[in-house]
2 protein chains.
Amino acid sequence: MATTNQQKFPDVQGGGSLILAWQIKNKTVLVVGGGEVAAGRILNVLNADASVIVVCPSSGLNAEVRHRIDGNEVTHIDRVFEPADLETLPPSNAPPDMVLVAIDDPAASTQVWRLCKEHRIAANIADVPSECDFYFGSVHRDGPLQIMVSTNGKGPRLAASIRKWIGNQLPAGVGNAIERVGELRVKLRKMVPDAADGPKRMRWMTKVSDAYSWDDMCALADEDMDNLLKFYLSGKVPELHVLKAMRGGKAPEDLDVFDGSFGFSVVA
Amino acid sequence: MATTNQQKFPDVQGGGSLILAWQIKNKTVLVVGGGEVAAGRILNVLNADASVIVVCPSSGLNAEVRHRIDGNEVTHIDRVFEPADLETLPPSNAPPDMVLVAIDDPAASTQVWRLCKEHRIAANIADVPSECDFYFGSVHRDGPLQIMVSTNGKGPRLAASIRKWIGNQLPAGVGNAIERVGELRVKLRKMVPDAADGPKRMRWMTKVSDAYSWDDMCALADEDMDNLLKFYLSGKVPELHVLKAMRGGKAPEDLDVFDGSFGFSVVA
């Protein structure tokens, strides 16, 4: 039988969504409505540091949305939506970057959707999949770690239970471990700021990520991170017990555990 | 000490992204560049059923991108990007809905980014976080199930290893189980199409999701699903062995396993 030497590439698996981490820090999100669904949307976008404006008559606000308004976490416009809201919103009199609609009025919702499309503003009309540029999913959060589960509309209930299951399976402290790795990356970039060192920095960070377990990473103190950085120039990553032995200002060459070569790697 | 009766609402946890399932089915995504990063982006958006246009001189195409072009999976424009590409693109002469840039030319990249912002087109410039409306993450895919892991830039390597770890922990066949639940939902909506039945449909589907394990769900045949639907009117969900006993056209009341009341629930 003839065999082909053709290189294999991944087959396309259609039917999925494009799952993205949208950046809305300091961007303006307009939430139309103030009920329970709106409250969930508001928390979602506040967790991503958006500047949030809620348009809803006071009479329609639920307790959670009222709480966000009273705590100055969001700006409140006490009336129903007006088309001009898509052109000028306080404080900057600019159009919103994103619009989330959660009102019990299909005709009014559709009107907002059409206006958003005319203005090329990304929008989600709750419970109307055909009037959504994007869907929300079930998100597990642990500090910098976010895990989003989507079943692409096949089973929202299952998505939530899979999300909870993953949250329970994950080792405790994984969010902390990621925070530690992030701090190390920032310290390394301060120490070796040159862009030309980027690939070397990335290789070394990869070695670090592979060398320690999540639990080990959580246990690293500031002092340990500073000591770890001393190994960067050699391109090596010490075993954890070496870092522990260096605590209190000991240099690697003063340690019994040190094998004589400055810096040695636990990773090939 | 005084205690307050104030209702507790979730605290805002800033610093996250807004993780969204973007819907780009039949929407036009313009990919600028044809190297390895572009190849990854192209696969991402093809998996979400986008219509993809790649702008890149033939000389700059890597083997995977060439493979997508030869297989008519994407449309190829054999030249460098031109600003007019953001206004009229074949075949519809409309602007793209999304632009992904993956070229080794920071100045040209920045120019595309600025033009996208003028045209209000969502864009991602690879490796330039400040020139991105959104980031990509590490996504596990199993049929309709998508799980996205983001460390919000703190540890991309860790994100990939957590994604792999989750993929290994998940029970085999979970994607199939979700597919089954989706089919059941479609059949139920055909059987009881009235919008007014929405809440009852949703309650029953929740009971179904809670009643069977993922493995059970995978094993349900078409016949089992049709039999399961016979229990909808009673609002109950039968145990799995009842469905199995009904195979071959037996009615519930003919079964030894049947307790006399039509339909009974394994969920309170």
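When reading the values below, keep in mind they use all heavy atoms of this one structure, side chains included, and skip hydrogens, waters and symmetry mates.
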Check each atom of [X] against the heavy atoms of chain B and say whether the ones under 4.5 Å are side chain, backbone, both or neither.
X: A:Ile178; value: both
X: A:Asp11; value: backbone
X: A:Ile42; value: neither
X: A:Met98; value: side chain
X: A:Glu73; value: side chain
X: A:Arg180; value: neither

Relative to chain A, which of [options] shows the most heavy atom pairs under 4.5 Å?
options: B:Val186, B:Asp142, B:Val149; answer: B:Val149
options: B:Leu20, B:Ile147, B:Thr151, B:Ile19; answer: B:Leu20
options: B:Leu184, B:Asp49, B:Val45; answer: B:Asp49
options: B:Ser209, B:Gly155, B:Pro10, B:Gly182; answer: B:Pro10
options: B:Gln169, B:Arg185, B:Arg141; answer: B:Arg141
options: B:Gly15, B:Gly16, B:Ala48; answer: B:Gly16

So, does [X] use its side chain to make a donor-acceptor pair with the main chain of [Y] at under 3.5 Å?
X: B:Asn47; Y: A:Gln13; value: yes
X: B:Glu64; Y: A:Phe9; value: no
X: A:Asn152; Y: B:Pro144; value: yes
X: A:Gln146; Y: B:Ser17; value: yes

In terms of heavy-atom contacts, does [atom1] of [X] have more than 12 from other residues, nucleotides or ligands at under 6.0 Å?
X: A:Glu36; atom1: CD; result: no
X: A:Asp127; atom1: CG; result: no
X: B:Asp104; atom1: CG; result: no

Checklist outcome for this item: Heavy-atom closest pair (A:Ile121 atom, B:Arg120 atom, distance to 0.1 Å) is CG1-NH2, 3.6 Å

Checklist entry - Going by the angle between their ring planes, with limits at 30° and 60°, are A:Trp22 and B:Trp22 parallel, tilted or perpendicular? => result parallel

Solution key, residues 156-163 of chain A side-chain donor-acceptor pairs under 3.5 Å, sequence neighbours excluded:
from, atom 1, to, atom 2, distance (Å)
A:Arg157, NE, B:Asp210, OD1, 3.3
A:Arg157, NH2, B:Asp210, OD2, 2.7
A:Ser161, OG, A:Leu158, O, 3.1
A:Arg163, NE, A:Ser138, OG, 2.8
A:Arg163, NH2, A:Ser138, OG, 3.3

Checklist entry - Quick one: what part of B:His140 sits under 4.5 Å from any heavy atom of chain A, side chain, backbone, both or neither? => result neither

Next on the checklist: Taking side-chain hydrogen bond (donor to acceptor under 3.5 Å, both in side chains) as the definition, give me every residue that meets it alongside B:Lys25, ordered by chain and number, with sequence neighbours left out.
Outcome noted: none

Counting heavy-atom pairs closer than 4.5 Å to chain B, which one of [options] comes out on top?
options: A:Leu170, A:Val181, A:Asn124, A:Val12; value: A:Val12
options: A:Thr206, A:Ile24, A:Val139, A:Asn44; value: A:Thr206
options: A:Asp97, A:Val174, A:Leu145; value: A:Leu145

Next on the checklist: Looking only at the side chains, is there a donor atom on one of A:Asp133 and B:Gln23 sitting less than 3.5 Å from an acceptor on the other?
Outcome noted: no

